[in-house]
*Asks:* 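Following this message is one structure expressed as structure tokens.
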Amino acid sequence: MTLDFVGNLRRTHDCGELRKQNAGQSVLLMGWLDRSRDHGSLIFLELRDRGGLTQVVFNRDRNAAVHARAAELSREFVVAVRGTVLERTPENVNPKLPTGEIEVAAEELFVLNDAKTPPFTIDDETALTAEETRLRFRYLDLRRPRMQRNIALRHKLALAVRQYMNAQGFYEIETPFMTRSTPEGARDYLVPSRVNQGSFYALPQSPQIFKQILMISGFDKYFQIVRCFRDEDFRADRQAEFTQIDVEMSFPQRETIYGVMEGLVTKLVHEAGYAEPHRPFPHFSYDDVMRRYGIDKPDLRLPAMATVNDCFAAGDLDKLKFSAEHALLAFRVPKCGDLSRKEREELQAFATERNARALVDIRIGAEGPEGSLAKSYPDAVKNIVEATGAESGDLIALCGAPAGAAVKRHDYSTHVAAGAVRLHAGQKYSAKHGLLNPEDFRFLWVTDFPMYEWNEEEKRWDAMHHPFTSPHEQDMDKLESDPGAVRALAYDMVLNGTELGSGSIRIHRQDVQARIFRSLGMTDEEARQRFGFFLDALQYGTPPHGGIALGFDRIVMLLAQETSLRDVIPFPKTARAVDLMTDAPTPVSETQLRDLGIGLRKTEKK
RNA sequence: GGGGACGUAGUUCAGUUGGUUAGAACGCUGCCCUGUCACGGCAGAGGCCGCGGGUUCGAGUCCCGUCGUCCCCGCCA
């Protein structure tokens, strides 16, 4: 097919904006041919661009030459159409399209480009193609309305972040991508230096040190929508490169930061078109969430767990083969009283796989609790029903450690196993009853994380958050004597079972920072070698400061009601960190390597 | 690093106990059609059953390995 030049053609509208008020106007649309319906002497084309779809009609009686050309087009051809907007007769209105009350009667047709038949249909109705194909042909996948909508939402939210943070007095300040290895826990992506052979830049896992330096520099309130890089294994909610809303401020209390961030995410929920969440967000200590939910990022849409050891008489737990030395947790599985014996046993097996013991037996019928436990231990079950707040139609699961399990101090393992059963039951069964409504945004703060966690492999204490996190002022005297009991001024923002971000009040005194480094098993020499510049900076009048970083991709994902980060990132990588469109990463030429002073080790194939 | 699922036409899938020529729908090609809107009708083309090996008279189907995608554990403040 011969193609037309663009010439002086100018688009007058996009394909989503014409309404019956435009009837009679002469318009020029440009876009992709979405689908066509050819009736012989009458042809309907749907023209698509970012704005939407508009139906264009070609009538042989009116313009035979233009009609004949339209019959030659196929999917994804890029065309320009000049025509007149016609109001459709009532029986011809298409209520599914925003532009369904009009159509454009074509008078001129310009074929700007042809197109190969795409490997999959560009729409949201056809069964979704394997993700591998979608990623290989990402430019086509991104044309789909759903992806267009997701990327548009991402833009809208990024804009809202900038407007809000600006209104709150924050400056957006950039920090380098090529920097030095940072103290965070993940592996770094490295960039070799040509000018300084044998040395490497590290891509930032976060701009942590730079934003603290900016506070020392007196910028007071900083934010940045910034790319971060971590070379770890990926998941549906983890990518090699991801975007954070990074925030730091001087002279804050923790509550100052909570307030700013609650205002921000509330605005984002609103921008995405949902009902605003309740404020202030509830606060739970780390100990609270671990005991009540068995996880540090609880989904509040599902009921909490209750500790019910006291509901049973002495000796009962032994008979039920539960350890009386460990917590016995009970939780209700809403509206799942009708689960089959097989389904309930599946939940019990799920607990067994996690070295826990579950009894999923109590069902609340119209007359009260049913099941063998309710018959054998009526008083205990009555108390459990009360403790869990179970209602008619619910199922109650009991989860604890099996009799004879070893007892450890500071150990949430029973809670964690029970929490996993709670979540599994909720996702597998309660979700059917609408309990995990994706438009119900239940934010919370998790506070008072332990400062340290014991690293069994290295036999030392590691910083749970990062080594710049300030301990509680009243726990300072335990830094050396009882590190496990020191609480950090750290906090996570959690939404519906997803960790949106974490932050802390930082250490602003050089003497405290040195103590923390020592408590982490770092000698003064090592600390000086790795963070000398930062320790120096701390000595020149560092204000108290603190901040947080939120995962922007995760926020967009939840607000777009997607379940994979890949659906809100234009060009994501696979689980093996490969970009299927560009095939990155690739080997490089010997010349490039020589310039960098790099030789590759021979990898041994087994 | 470990566990699991999947891999058959361009796409989404079916494929019986291992048995003749591997099917369907959508898409694609050609013809017909003046009110469709996931248009319709008729005809047609299209397959390295991911790849390699093995078992077998015979493998899409069974076994081993390998590659790829996805999910989970570990890991990731």
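Owing to the predicted nature of the structure, the values given are computational and were not obtained by experimental measurement. Numbers restart at 1 for each chain; the letters A, B, ... are given by sequence-line order, proteins then strands.
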*Asks:* In whole Å, what separates the P atom of G23(B) from that of G68(B)?
*Replies:*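 About 33 Å, rounded to a whole number of Å.
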*Asks:* Does this structure show an ion pair linking R144(A) with D124(A), if we count only N-O contacts that are shorter than 4.0 Å?
*Replies:*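 Looking at D124(A) together with R144(A), the answer is yes, because their closest N to O distance falls below 4.0 Å.
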*Asks:* Send over the distance from L580(A) CG to C70(B) P, rounded to a whole Å.
*Replies:*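 Taking atom P of C70(B) as the reference, CG of L580(A) is at 7 Å.
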*Asks:* Would you say the side chain of R37(A) and the base of C33(B) hold a donor-acceptor pair, judged only by whether the two atoms sit under 3.5 Å apart?
*Replies:*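 No, the side chain and the base share no sub-3.5 Å donor-acceptor pair.
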*Asks:* Measure from NE2 on H39(A) to P on C31(B) and round the result to the nearest Å.
*Replies:*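 Rounded to the whole Å, the gap is 17 Å.
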*Asks:* Would you call R88(A) and E101(A) a salt bridge, taking side-chain N to carboxylate O under 4.0 Å as the test?
*Replies:*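 No, R88(A) and E101(A) are not salt-bridged.
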*Asks:* What interatomic distance, in whole Å, is found between P of G10(B) and the corresponding atom of C71(B)?
*Replies:*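 Result for the P pair: 26 Å, nearest Å.
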*Asks:* Within the pair K96(A) and A38(B), is there a side-chain N or O less than 4.0 Å away from OP1 or OP2?
*Replies:*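 It does, given that an N or O in the side chain of K96(A) lies less than 4.0 Å from OP1 or OP2 of A38(B).
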*Asks:* Would you say H424(A) and E346(A) are linked by a side-chain donor-acceptor pair, where the criterion is simply a distance under 3.5 Å?
*Replies:*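 Yes, side-chain donor-acceptor contact under 3.5 Å.
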*Asks:* Check whether the aromatic ring of F44(A) stacks on the base of U36(B), taking stacking as ring centres less than 5.5 Å apart and planes within 30° of each other.
*Replies:*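 Per 5.5 Å and 30° rule: yes, stacked.
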*Asks:* Below 4.0 angstrom from OP1 or OP2 of U29(B), is there any side-chain N or O of R75(A)?
*Replies:*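 Answer is no, no contact under 4.0 Å.
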*Asks:* Report yes if a side-chain nitrogen or oxygen of R576(A) is closer than 4.0 Å to either non-bridging phosphate oxygen (OP1 or OP2) of U69(B); otherwise report no.
*Replies:*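 For U69(B), OP1/OP2 do have a side-chain N/O of R576(A) under 4.0 Å.
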